[in-house]
Amino acid sequence: MVKIIADSTCDLSRDIIDKYDITIIPLSIIMGDKSYYDGMDITPEEIYRWADENRTTPKTSAVSAQMVREILSEFKDREVIFFGISSKMSSTCDVVRCAAVESGFDNVKVVDSRNLSTGIGLQIVMACEMAQAGCSQSEIIEAVNGRRDEVCASFVVDTLTYLARGGRCGQVTALIGNMLGLKPEIVVKDGEMHVGKKYRGTPSKVILKYVKDMEQDLVNADPRLVFITHSGCKPEIVSKVREYLIGLGHFTNIAETRAGGVISSHCGPGTLGVLYYQEEKNEQTC
């Protein structure tokens with residue numbers, strides 16, 4: 001069976017990782033003069049605390065080539081597909097490609113998700129289900145790439161402070177935006193992040209408005225899976241989003257995941273997104 005490997009920015013929950021036997025390679029989070037592996041030896045809460053104390057955000061770096069080689073060597077007798085964060089956001093996919101070539105692992109193919117967080121996760125779950133059904137490496141890659149543009153990935157940011165610290169928006173813009181209570185929607189398109197709608201109000205009000213604004217798209221989405229992914233929202237807010245999605249009577253699987261350290265470092269606490277595939281026009285078979 002084809003082996004699926006991904007980087008840590010896919011933000012999949014432990015139960016999904018275990019269910020499909022996915023191997024995760026962590027990116028690194030650099031805080032001052034110390035480096036930590038995402039999801040292994042640091043938590044988002046520790047990142048937020050450090051960021052607020054130092055009034056900056058951690059730096060993040062691509063996966064380690066040495067770790068990639070070590071992990072790939074464990075599966076040199078199997079066909080492997082690696083899923084990575086968008087190449088427009090990180091050099092991770094290139095690192096894995098180079099490590100595979102240099103080590104002579106011709107069995108490894110790299111998929112640039114052109115996405116982040118569970119926008120990658122949706123593609124991984126699809127690949128895993130096809131692998132379990134006995135599909136070949138080439139069949140899986142062709143199918144996943146064929147649906148890549150159907151991934152709908154967006155989220156609402158509670159504070160602009162972290163985006164500003166990381167250079168993704170200006171300090172003045174962040175200051176004014178925070179003073180006015182603006183909470184932008186960030187949409188992933190063509191492998192990059194773009195600003196969508198702008199909301200104002202309490203976190204609960206804003207997030208529910210964001211989700212309800214997607215209602216027409218949600219009821220026409222692929223019903224098999226939708227992700228609620230957040231970076232530390234209050235449980236009652238997440239519950240309201242789940243209740244709303246349940247009330248649509250459309251999705252058979254509503255999965256909640258917590259964003260890992262890399263995504264949390266850049267978006268800050270209180271961010272939440274609803275991610276899904278557009279309705280599949282032609283069911284993939286192999």
Side-chain angles (χ1 to χ4, degrees), residues 4 6 9-22 83 113-133 135 140 143-158 185-189 196-197 199 203-260 263 267 270-285:
I4 304 299
T9 63
C10 67
D11 290 343
L12 290 173
S13 58
R14 175 49 55 183
D15 61 329
I16 293 176
I17 291 171
D18 291 343
K19 176 181 178 180
Y20 295 112
D21 189 29
I22 304 164
F83 286 83
S113 71
R114 294 177 65 82
N115 224 296
L116 53 71
S117 190
T118 44
I120 312 170
L122 286 161
Q123 299 173 58
I124 293 170
V125 170
M126 176 181 172
C128 289
E129 291 180 344
M130 291 186 70
Q132 289 185 345
C135 298
I140 295 171
V144 171
N145 285 342
R147 294 199 71 193
R148 187 168 57 186
D149 293 339
E150 296 175 14
V151 175
C152 297
S154 65
F155 50 94
V156 171
V157 176
D158 184 52
E185 175 192 25
I186 306 298
V187 180
V188 181
K189 186 175 179 61
K197 296 179 180 180
Y199 296 95
S204 179
K205 179 181 177 181
V206 165
I207 288 174
L208 284 175
K209 180 68 167 63
Y210 150 74
V211 179
K212 290 178 180 179
D213 281 350
M214 292 190 288
E215 181 169 319
Q216 193 58 47
D217 292 327
L218 288 169
V219 297
N220 289 309
D222 187 324
R224 290 172 292 186
L225 176 63
V226 59
F227 280 111
I228 304 170
T229 300
H230 63 93
S231 64
C233 289
K234 292 181 178 179
E236 55 268 29
I237 294 177
V238 180
S239 293
K240 288 181 180 179
V241 173
R242 176 180 287 276
E243 289 169 5
Y244 178 78
L245 293 175
I246 291 172
L248 294 177
H250 181 71
F251 293 103
T252 56
N253 186 6
I254 301 171
E256 177 187 342
T257 72
R258 176 73 188 267
I263 302 300
C267 67
T271 298
L272 184 143
V274 174
L275 302 92
Y276 55 93
Y277 267 121
Q278 294 172 6
E279 186 173 16
E280 188 173 20
K281 298 176 178 62
N282 298 301
E283 187 174 351
Q284 303 295 338
T285 57

> How about Leu218 and Val211: do any of their side-chain heavy atoms sit closer than 4.5 Å?
Replying inline: yes

>> Against Phe227, only a single residue in Ile254, Val274, Leu12 fulfils side chain to side chain contact (heavy atoms under 4.5 Å, CB included); can you say which?
In response: Leu12

> For Gln216, does the CD atom sit with more than 12 other heavy atoms under 6.0 Å from it, leaving out its own atoms?
Replying inline: no

> What distance separates Cys10 SG from Asn115 CG, expressed to the nearest 0.5 Å?
Replying inline: 12.0 Å

> Side chains of Val125 and Tyr20: does their closest heavy-atom pair fall under 4.5 Å?
Replying inline: yes

> Are Cys152 and Asp217 close enough that some pair of their side-chain heavy atoms sits under 4.5 Å apart?
Replying inline: no

>> Quick check for you: to the nearest 0.5 Å, what is the distance between Glu243 atom CD and Leu208 atom CG?
In response: 9.5 Å

>> Restricting to non-hydrogen atoms, name the atom on Thr257 and the atom on Ser13 that form the minimum distance, rounded to 0.1 Å.
In response: CG2-N, 3.9 Å

> Side chains of Tyr210 and Lys197: does their closest heavy-atom pair fall under 4.5 Å?
Replying inline: no

> Can you check whether Phe155 reaches Leu116 side chain to side chain, under 4.5 Å on heavy atoms?
Replying inline: yes

>> Among Met126, Gln278, Gln123, which residue satisfies the side chain to side chain contact (heavy atoms under 4.5 Å, CB included) criterion with Arg147?
In response: Met126

> Measuring from Asp222:CG to Tyr276:OH, what's the distance to the nearest 0.5 Å?
Replying inline: 11.5 Å

> About how many Å separate CG of Leu122 and CG of Leu275, when rounded to the nearest 0.5 Å?
Replying inline: 6.5 Å

> In Å, rounded to the nearest 0.5 Å, how long is the span from NZ of Lys19 to CZ of Arg14?
Replying inline: 15.0 Å

>> Give me the atom names and distance for the closest heavy-atom approach of Cys128 to Ile4.
In response: SG-CG1, 3.8 Å

> What pair of heavy atoms forms the shortest contact from His250 to Ala221, and how long is it?
Replying inline: NE2-O, 2.7 Å

>> Is a donor from one side chain sitting under 3.5 angstrom from an acceptor on the other, for Thr229 and Thr118?
In response: yes

> Looking only at heavy atoms, what is the nearest atom pair of Gly196 and Val187, with distance?
Replying inline: CA-CG2, 4.3 Å

> Side chains of Tyr244 and Glu215: closer than 4.5 Å at any heavy-atom pair?
Replying inline: yes

> Donor-acceptor pair, Ser231 side chain versus Thr271 backbone, under 3.5 Å?
Replying inline: yes

> If we only count heavy atoms from C-beta on, is the Ser204 to Lys240 side-chain gap below 4.5 Å?
Replying inline: yes

> Does the side chain of Asn145 reach to within under 4.5 Å of the side chain of Arg148, using non-hydrogen atoms?
Replying inline: yes

> In Å and rounded to the nearest 0.5 Å, what is the CG to CD1 distance from Leu245 to Ile228?
Replying inline: 5.0 Å

>> So which atom in Ala153 and which in Gly119 form the shortest heavy-atom distance, rounded to 0.1 Å?
In response: CB-CA, 4.4 Å

>> Please find the pair of heavy atoms, one from Asp158 and one from Gly270, that lie closest to each other, and give the distance.
In response: CB-O, 3.6 Å

>> When you measure from the side chain of Asp11 to the backbone of Gly260, do you find a donor-acceptor pair of N or O atoms at a distance under 3.5 Å?
In response: yes

